[in-house]
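Structure first, commentary second.
The chains referred to below are lettered A, B, ... by the order of the sequence lines, with proteins before strands, and numbering in each begins at 1.
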Amino acid sequence: MKLKSKICAAPYLVWMVAFIVAPLLMVIYFAFTDKAGHFTLENLSGLSQYSSVFIRSILLAAIATVICLFLAYPLSFMLSRLRVNKQRIMLMLVMLPMWMNFLLRTYAWMTLLERNGLINSFLGLFGIGPFNMINTQGAVVLGMVYNYLPYMILPLYTIMVKIDNSLIEAAEDLGANLFHKVTKVLIPLSMPGITTGITMVFVPSVSTFIISRMLGGGSNMMIGDLIELQFLGNSYNYNLGSAMSLVLMVVVLLCMSVTNMMDGENKEGGVI
Amino acid sequence: MENTIVALKDIVVDFDGEAVLTGLSLDIHDKEFVTLLGPSGCGKTTTLRVIGGFLEPKSGNVFFDGKDITGMPPYKRQVNTVFQKYALFPHLNVYENVAFGLRLRKVEEKEIKTRVLGMLEMVGLRGFERRDPTTLSGGQQQRVAIARALVNHPRVLLLDEPLGALDLKLRKEMQTELKRIQKNLNITFIYVTHDQEEALTMSDTVVVMNGGDIQQIGTPVDIYNEPKNAFVADFIGESNILSGVMERDFCVEFSGQQFACVDKGFAPRELVDVVVRPEDVQVVPAIQGQLSGVVKSVIFKGVHYEIIVEQAGFEWKIHSTQSQQPGEFIGMNIGPDEIHIMHRMEEAAR
Amino acid sequence: MKKMSFLSKAYMVLIFSFMYVPIAVMAVFSFNESKSRSNFTGFTFDWYINLFRNDMILSALGLSLVIALVASVIATILGTMASIGIHSMHRASRTVIMNISYLPVINPEIITGVSMMLLFVVVKNWMGGKVFGMPTLLIAHITFCVPYVIFNVSPKLRQMDVRMWEAALDLGCTPVQAFFKVVLPEIMPAVFSGFLICLTYSIDDFIISYFTSGTLQTLPIAIYSMTRKKVSPEINALSTIMFVVILSIILFVNAQDSRRQKKSSARRS
């Protein structure tokens, strides 16, 4: 019986090898060859001239991730302590913007942050400004936070609803103040949610090219923009683009192994 | 003798190299209530699954009504199973669950209806046809599972710890109920349980299993009164098991004393296991006892007191209607009829 | 539960306004007569009318729906079959397959997009002719959808009592009948939710499509090209419509859910 049902997986296995494994092998192949197909390390060594872009990407993504964590942590806790039917509604409110295409969400901020956009004209009523908000790194971070905040809230919330109130009360009973309640009880217990949230915000942030392009203008390029230029932009250099992709993958893998280490053994799955 | 309906011959089963059944042979007589009894991991459920066809033995043969059915898939066998935790189909209502097997056999709709309703009547669930099985209580789900199996008129019904999930009172009820159904339908039931009391109450024949093989086959009375080895004695009811030496016929030595007994035919000075049931030990004043010891603890168990007495490093378990004081020095007497002597088990089986 | 303190209430209001004010602003300005993004000069439906006359948007929407539907159906079948096969495999091979399936989920989307593009380019160089288009788009969408089906269906299979399957065989089902009569109905909710996830991910996807579509325009790609033009209030209108559509779908699904819950709890009591 068992033998026969294994065959059901065969079509997918073929598909998986052809369209998941093979493309990634292509990336590796292209990263280590030149246009003529000869082995070279030049693509990778040539990346040093883009180091500022790499550093900026990681930095902006890290800032956005930290802001998301700080904004989402208290909110998730509050959500998890609401009455159950209220939780349902609030959770829906958290997810609703996620369902809207992120291009539209980002576009919304484009219009808000513009020099003659709503925020500046609102501030103008009080005689302040206008400020130069769009096409700055701040705008890029704002865009990341706005787009990926739900990805931080959801895993945190899922882990926090499982934390029993009695645990917190027990800590209180044993003389913990607010600070200790958070650092000694809440944070250790919600660690798996924190790490999942960090990965889920950092990975799309560090690899984005839309947010930086729409809110950062031309001057705040990120890794994603560079890669996109090599494949569809004016640069057209698949080999260099592959090398960049490879480095990006390494960055992502590093981020995940760091969070994995933070997590220790008690690994919980993500929300999706 | 009655004719054999299911016969297992030298069945060997192993999972990933670990032996589960080690050459088991068993004849099951038609129209009997047979119980496979043993601790978990003894191979009783595996035996049942071999009969049901869910597991193919590595070697050995399964015969049904004299025909070799080894390797025949379950859906072609004339047996049906009541599964552990019932395995009712949650997407079908009670009626459709029971009708499932008949539908597959393309039985006429009218006949399906009479048979399903008749079966629900028998298990006391008329009026529950439209209910979702998940909304039923454990006992009711159990009845549906039984009806679903029996409606197909199997010659043999396999039951895999069917009462395991029920509470004590319900178990007792269902035990009588199952016995009644088996009598009414006059078919073979093969019943798997680890509960010795259940096995003794319901069965015509009890098969005690351990370590992948059969320890003893017999009527409940035989098994209880004449356990063949210390394992059976220990598993069926509570026992004091001591090692002793058979001095000669009708005389055995254990705990430093010689006792009269009713057993004979052992080799001279053969090392034996001696089994004494806790209720068979009489408590007497210390000087009158064949043995004497110190009461270590007394626990009230409802019908009797369980008294633990230490004597020469062995802790005797005694059931008595009279309480004793812990620390007291008491005597113990054991009549010749109450001493069961059996050949020493190999260490492996213990 | 104690009443929530004023501070936490204020905090929640603040975060939720951060999340919803931009959307609300877009909705308001979708009715703005002028193209200004800061002054509301008058009420109009013009942008909505323009939107429905915009062939580019309409054909992109059509393409997105077709791709989503076809890709989701294929991905659901492929993924369900895969789950069943994987379920009966040994632990080691199961872990390997699951981990590879995780790649498109954890990899940055741009990497998935770029890597598939490379594959298609290589195929194109070999075979020549036009490669990019509907087939590549479909392949890409199926590829990133299948894992979600597997991750939905596999746990359900694991939850399922093996005895359910055995009971079906016991009652006379052949293995194939047992699958369709017992296993499939049992895992159907998971299969269906997997299908829905595929639909939403496929319709929503921009990055992977962007690299694999050639010259075809799905709805997100069309939106992207619209945002490149500086001022286009049709986007506001489109966003508003999408928001309303999503909101009503969610409300509808939720209402269904709570009705079903009420029904089942009523039956239980």
Practice prompt. Under 4.5 Å, counting heavy-atom pairs only, tell me which of S242(A), P74(A), P11(A), A72(A) racks up the most with chain C.
Written response: P74(A)

Discussion item. Nearest 0.5 Å, please: how far is CE in M98(A) from CD1 in I246(C)?
Written reply: 11.5 Å

Item to complete: Pick one of side chain, backbone, both or neither for A10(A), based on which atoms fall under 4.5 Å of a heavy atom in chain C.
Response: neither

Discussion item. Using heavy-atom distances under 4.5 Å, tell me whether F19(A) contacts chain C through its side chain, its backbone, both, or neither.
Written reply: both

Worksheet item: Can you check whether R228(C) reaches R213(A) side chain to side chain, under 4.5 Å on heavy atoms?
Response: yes

Discussion item. Within the structure provided, determine whether I111(C) and S207(A) are in side-chain contact (heavy-atom separation under 4.5 Å).
Written reply: no

Worksheet, complete the sentence: chain C shares the most heavy-atom pairs under 4.5 Å, among V206(A), V27(A), V21(A), with V27(A)

Response to the item:
Greatest number of non-hydrogen atom pairs under 4.5 angstrom with chain C, of N120(A), I210(A), N116(A), I153(A), falls to I210(A)

Fill in: Neighbour count above 12 (heavy atom, 6.0 Å) for L7(C) CG
no

Worksheet item: Do the side chains of M92(A) and L251(C) get nearer than 4.5 Å, heavy atoms only?
Response: yes

Practice prompt. State, yes or no, whether a side-chain contact exists between P23(A) and L118(C) at a heavy-atom distance under 4.5 Å.
Written response: no

Worksheet item: Roughly how far, to the nearest 0.5 Å, is the CG atom of N101(A) from the OH atom of Y224(C)?
Response: 12.5 Å

Discussion item. Measuring only between side-chain heavy atoms, which start at C-beta, is M19(C) closer than 4.5 Å to L96(A)?
Written reply: no

Fill in: Most contacts with chain C, counted as non-hydrogen pairs under 4.5 angstrom, among F102(A), F122(A), Y29(A), W99(A)
W99(A)

Item to complete: Measure distances from L13(A) to the heavy atoms of chain C and classify the residue's part below 4.5 Å as side chain, backbone, both or neither.
Response: side chain

Worksheet item: Would you say M226(C) and L103(A) make side-chain contact, with heavy atoms under 4.5 Å?
Response: no

Worksheet item: Quick one: are L71(A) and Y11(C) in side-chain contact, heavy atoms under 4.5 Å?
Response: yes

Worksheet item: Do the side chains of K9(C) and M78(A) get nearer than 4.5 Å, heavy atoms only?
Response: no

Fill in: S101(C)-Y12(A) side chain donor-acceptor pair, cut-off 3.5 Å
yes

Worksheet item: Side chain, backbone, both or neither: which part of E228(A) has an atom under 4.5 Å from a heavy atom of chain C?
Response: both

Discussion item. Counting the benzene-type ring for Trp, do F209(A) and Y210(C) have ring centres under 6.0 Å apart?
Written reply: yes

Worksheet item: Which bit of R105(A) is near chain C, if near means a heavy-atom gap under 4.5 Å: side chain, backbone, both or neither?
Response: neither

Discussion item. Shorter than 4.5 Å, heavy atoms on both sides: which option in V21(C), I150(C), L103(C), I235(C) has the most such pairs with chain A?
Written reply: I235(C)

Item to complete: Tell me, for M16(A) versus chain C, whether the close heavy atoms (under 4.5 Å) come from the side chain, the backbone, both or neither.
Response: side chain

Item to complete: Give a yes or no on this: more than 12 heavy atoms of other residues, nucleotides or ligands lie within 6.0 Å of atom CZ of F70(A).
Response: no

Item to complete: Can you measure from CG (L78(C)) to SG (C8(A)) and round to the nearest 0.5 angstrom?
Response: 11.0 Å

Fill in: Listed once per pair and sorted, the ring pair (Phe, Tyr, Trp, His ring centres under 6.0 Å) pairs that draw on residues 235-255 of chain A, sequence neighbours left out
F231(A)-Y238(A)

Fill in: Separation between CD1 of I106(C) and OG1 of T199(A), rounded to the nearest 0.5 Å
9.5 Å

Worksheet item: Just how far is it from atom CE of M12(C) to atom CE of M90(A), taken to the nearest 0.5 Å?
Response: 3.5 Å

Worksheet entry | Smallest separation among heavy atoms of L104(A) and S239(C), with atom names | CD2-OG, 3.2 Å

Fill in: Straight-line distance of S115(C) OG to L246(A) CG, nearest 0.5 Å
11.5 Å

Fill in: Minimum heavy-atom distance T227(C)-M110(A), with the two atoms named
O-CE, 4.0 Å

Fill in: When L14(C), T143(C), I223(C) are compared by non-hydrogen pairs under 4.5 Å with chain A, the top option
T143(C)

Response to the item:
Scored by heavy-atom pairs under 4.5 Å with chain C, the best of L112(A), I20(A), V252(A), V203(A) is I20(A)

